[in-house]
> 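I'd like to ask you about the structure that follows.
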Amino acid sequence: MALVQSIPIRRVSGKPGQIFAISVIALFLSIFLIIPAGTVIYTAFTEKGTGALTIVNFVDFFNTDLFRRSFFNSVYVSGMSVVWASAIALPLAVLTTRFDFRGSLIIQTLGFVPLIMPPFVGAVAMQLLFGRNGTVNLILNDWFGIRIPFMEGLNGVIFVQSLHYFPFILINLSTSLRNIDRSMEEAAQNLGSSGVRLFRRIVFPLAMPGYLAGASLVFVKVFDDLATPLLLNVKDMLAPQAYLRVTSVGLTDPMGYVISVILIAVSIFAMWLSAIAMRGKDYSTTQRGGGGLSRRKLSRGESVIAYGVVGLILLLVLSPHIGLLLLSLATVWSFSPMPDGFTMAHYGRVFGESSLYIKNTLIYASLAGLIDVVIGGAIAYLVLRTKVVGRRWLDWAATSALAIPGVVLGIGYLRTFYGVTLPDGTPLATLWVMVVLALAIRRLPYALRACYAALQQVSESLEEAAENLGATKQRTIRRIVLPLMTGGLLAGFVTSFSTAAVELSATLMLIQSNSDAPLAYGLYVFMQSPAGRGPGAALGVIAVVMVALCTLLSHYVIERRQKALGMTK
């Protein structure tokens with residue numbers, strides 16, 4: 001019996017099933033990620049007409065005032081969005097992790113709410129609240145005779161993006177702050193350090209990995225965003241210029257591809273820079289999460305100030321949702337602090353005329369989520385449980401989709417697949433299935449990380465025991481591995497589904513007719529005209545509710561699954 005128990009699982013390289021799996025996944029990633037992205041890069045370095053390799057396109061880019069201005073505007077907007085997102089996230093993270101602060105869980109939960117609404121939808125609501133003739137400026141003008149340009153030009157893009165993406169910093173920074181050994185603070189306090197100096201010299205430097213991770217995500221997301229600047233009529237930024245060049249000049253124009261390459265390069269550079277900033281530095285502590293020093297209690301005066309600050313921040317970050325809800329119920333809302341009246345007609349119009357958008361979204365996002373879970377789970381298994389050649393390349397290739405902006409992927413699909421036609425002459429790039437594949441590629445890294453984490457928590461000894469008792473590899477995976485990975489697989493599916501449901505950049509490039517359009521595309525179309533903004537807001541509320549319900553459902557199922565597993569142990 002002891003001999004049987006000592007037989008380990010052998011990770012072999014070259015099993016036919018593993019080779020087949022890695023070949024299929026590699027082919028999928030090559031066709032729908034590597035080749036489209038490579039086509040964009042190759043075209044950017046190709047001279048129009050002759051096909052010869054050249055850098056003249058990049059020289060023309062930097063010699064053109066519009067493109068230079070667009071580049072610096074994109075960098076400026078992204079950098080300032082990080083600054084303002086940090087100003088919003090930092091107080092919330094510190095107060096809810098370092099102090100005995102009632103309502104910390106509610107505050108952290110509400111702080112994540114902005115992520116479930118597309119930023120371009122919030123942009124319209126923010127115009128009504130903070131625009132030149134919005135609620136806030138109308139009140140300021142009546143009371144003090146002033147107007148503040150919250151939403152003018154680049155300021156509006158920075159304002160909207162900061163409110164939408166600050167949760168990335170909040171999530172990562174809060175986690176880092178919780179993991180700091182509080183005995184280090186106690187030692188600093190014993191040496192006379194306290195207050196702001198203690199935070200600046202001890203606490204924040206130790207939390208730097210989490211902050212930089214969140215800040216780099218904010219920078220990349222803002223830099224790549226297409227719809228928010230377009231809806232705010234800010235066109236002198238890189239992503240809008242890439243879209244406008246391809247849609248107005250055509251697929252043969254090299255500048256759209258040059259801009260796409262720059263978008264990719266800056267995204268990779270931002271993530272590399274955040275990694276370099278932490279290289280060679282030690283952020284480790286001897287204990288996790290607060291050994292030696294309890295959360296400090298706030299005095300009555302400090303509590304009043306803290307709750308006041310948190311209340312103002314939450315009111316600000318939830319203002320897009322409040323504005324969207326009011327707009328969806330408004331009869332008329334123009335040049336007045338509040339709507340003139342309220343109606344449910346916009347919702348009736350949406351369910352009557354736009355139910356196709358909702359149906360398409362459910363189909364596209366579900367298929368994309370399913371593809372991501374299958375491929376992400378397979379890659380995770382190949383990396384963690386086998387030694388098959390090329391498994392690390394799959395992991396890298398799938399994760400590299402994070403550096404490919406949606407507008408770039410859309411341009412790559414058009415360039416690669418538009419010339420490929422079906423027997424009836426229909427270009428492959430115009431089929432709705434290409435939208436599904438683009439969404440799946442865009443969200444694959446999220447599902448992959450969830451599957452990877454889930455499989456890491458499955459002990460190999462359970463698989464060894466099953467195989468030692470005679471179970472085949474396939475039966476072990478089906479009866480042992482997959483059931484234990486259910487929570488991670490579901491988390492990956494819901495993450496892919498909820499983010500794919502509101503993805504616009506790639507779909508905006510690929511949708512050819514309203515009959516194939518998903519919800520995000522419908523939102524964008526509605527928001528283009530004042531008459532459509534009421535129904536568009538109603539559709540936006542539906543999108544927020546749908547994503548929120550999916551998130552809550554996933555948490556509920558995961559918790560039930562964990563309880564069930566706990567009872568069986």
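Keep in mind it's a predicted model, so treat the numbers as computed, not measured. The first residue of the sequence shown is numbered 1, and numbering continues consecutively from there.
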> Counting N and O atoms only, with roles assigned by atom type, does the side chain of R245 sit under 3.5 Å from a partner on the main chain of D253, one being a donor and the other an acceptor?
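Checking the backbone N and O of D253 against the side chain of R245, no donor-acceptor pair under 3.5 Å is found.
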
> Do F223 and F219 come within less than 4.5 Å of each other through their side chains, counting heavy atoms only?
yes

> State which residue, out of V220, I264, L226, fulfils the side chain to side chain contact (heavy atoms under 4.5 Å, CB included) condition with P405.
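Single pass found, and it is I264.
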
> I need the L230 CG to L508 CG distance, nearest 0.5 Å.
7.5 Å

> Run Y524 and T507 through side-chain hydrogen bond (donor to acceptor under 3.5 Å, both in side chains) and show every step you take.
CA-CA 11 Å; Y524 182 78; T507 56; over 6 Å; no

> Is a side-chain N or O of D516 found less than 3.5 angstrom from the main chain of I511, in a donor-acceptor match?
no

> For the CD1 atom on I55, are there more than 12 heavy atoms of other groups (residues, nucleotides or ligands in this structure) within a distance under 6.0 Å?
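Open.
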
> Could you pull out the closest heavy-atom pair between L428 and M434, with the gap in Å?
O-CG, 3.0 Å

> Between the main-chain N or O of L238 and the side-chain N or O of S74, is there a donor-acceptor pair closer than 3.5 Å?
yes

> So, for F58 and F45, is the gap between ring centers shorter than 6.0 Å?
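Ring-ring flag for F58/F45: true, centres closer than 6.0 Å.
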
> Go through it in stages, so that I can follow the logic: the residues are V317 and I88, the test is side-chain contact (heavy atoms from CB on, under 4.5 Å), and I'd like the CA-CA distance, side-chain angles, deciding distance and then a yes or no.
CA-CA 9 Å; V317 301; I88 296 170; 3.8 Å; yes

> Quick check: does any side chain N or O of Q161 sit under 3.5 Å from a backbone N or O of H164, one acting as donor and the other as acceptor?
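Absent.
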
> Taking atom CZ of F168 and atom CG of L217, what is their separation to the nearest 0.5 Å?
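With rounding to 0.5 Å, CZ (F168) is 5.5 Å from CG (L217).
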
> Hey, does the side chain of S496 reach the backbone of F493 with a donor-acceptor pair shorter than 3.5 angstrom?
no

> Kindly compute the distance separating CG (L519) from CG (L523), expressed to the nearest 0.5 Å.
5.0 Å

> Closest approach of L448 and A398, non-hydrogen atoms and distance?
CD2-CB, 3.8 Å

> When rounded to the nearest 0.5 angstrom, what is the spacing between CG in L439 and OG in S366?
11.0 Å

> Could you walk me through whether I441 and L437 pass the side-chain contact (heavy atoms from CB on, under 4.5 Å) test, one step at a time?
CA-CA 6 Å; I441 288 294; L437 293 170; 5.6 Å; no

> Hey, could you give me the CD1/CG distance between I25 and L382, rounded to the nearest 0.5 Å?
5.5 Å

> Test your reading of the model: is there a side-chain donor-acceptor pair from S216 to the backbone of A213, 3.5 Å cut-off?
yes

> Without swapping roles, check the side chain of N57 against the backbone of A44 for a donor-acceptor pair under 3.5 Å.
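Side chain of N57 to backbone of A44, a donor-acceptor pair under 3.5 Å: yes, one is there.
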
> Grab the two heavy atoms, one from G256 and one from S260, that are nearest each other, plus how far apart they are.
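What the structure gives for the nearest pair is O-OG, 2.8 Å.
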
> How long is the straight-line distance from OG1 of T46 back to OH of Y257, given to the nearest 0.5 Å?
10.5 Å

> Any cation-pi pair here, R68 with F62, using under 6.0 Å and within 45°?
no

> Test side-chain contact (heavy atoms from CB on, under 4.5 Å) on V383 and L394; report intermediate values, then the result.
CA-CA 9 Å; V383 171; L394 288 185; 5.8 Å; no

> Are any of the side-chain nitrogens in R442 or D372 under 4.0 Å away from the carboxylate oxygens of its partner?
no

> Mind telling me whether W393 and W396 have parallel, tilted or perpendicular rings, with 30° and 60° as the class edges?
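Correct class here is tilted.
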
> Would you check if the distance from the ring center of F32 to the ring center of F28 is below 6.0 Å?
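Yes: the rings meet the under 6.0 Å criterion.
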
> Which is it for S505 and D225 under the side-chain hydrogen bond (donor to acceptor under 3.5 Å, both in side chains) test, yes or no, and what are the steps along the way?
CA-CA 7 Å; S505 296; D225 190 28; 4.8 Å; no

> List the steps and the verdict of side-chain contact (heavy atoms from CB on, under 4.5 Å) for S174 and L170.
CA-CA 6 Å; S174 296; L170 176 61; 3.6 Å; yes

> Quick check: closest heavy atoms across I411 and A242, and the distance to 0.1 Å?
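Answer, listing the atom of I411 first, then A242: CD1-O, 4.1 Å.
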
> Between the side chain of T426 and the main-chain N/O of L422, is any donor-acceptor distance below 3.5 Å?
no

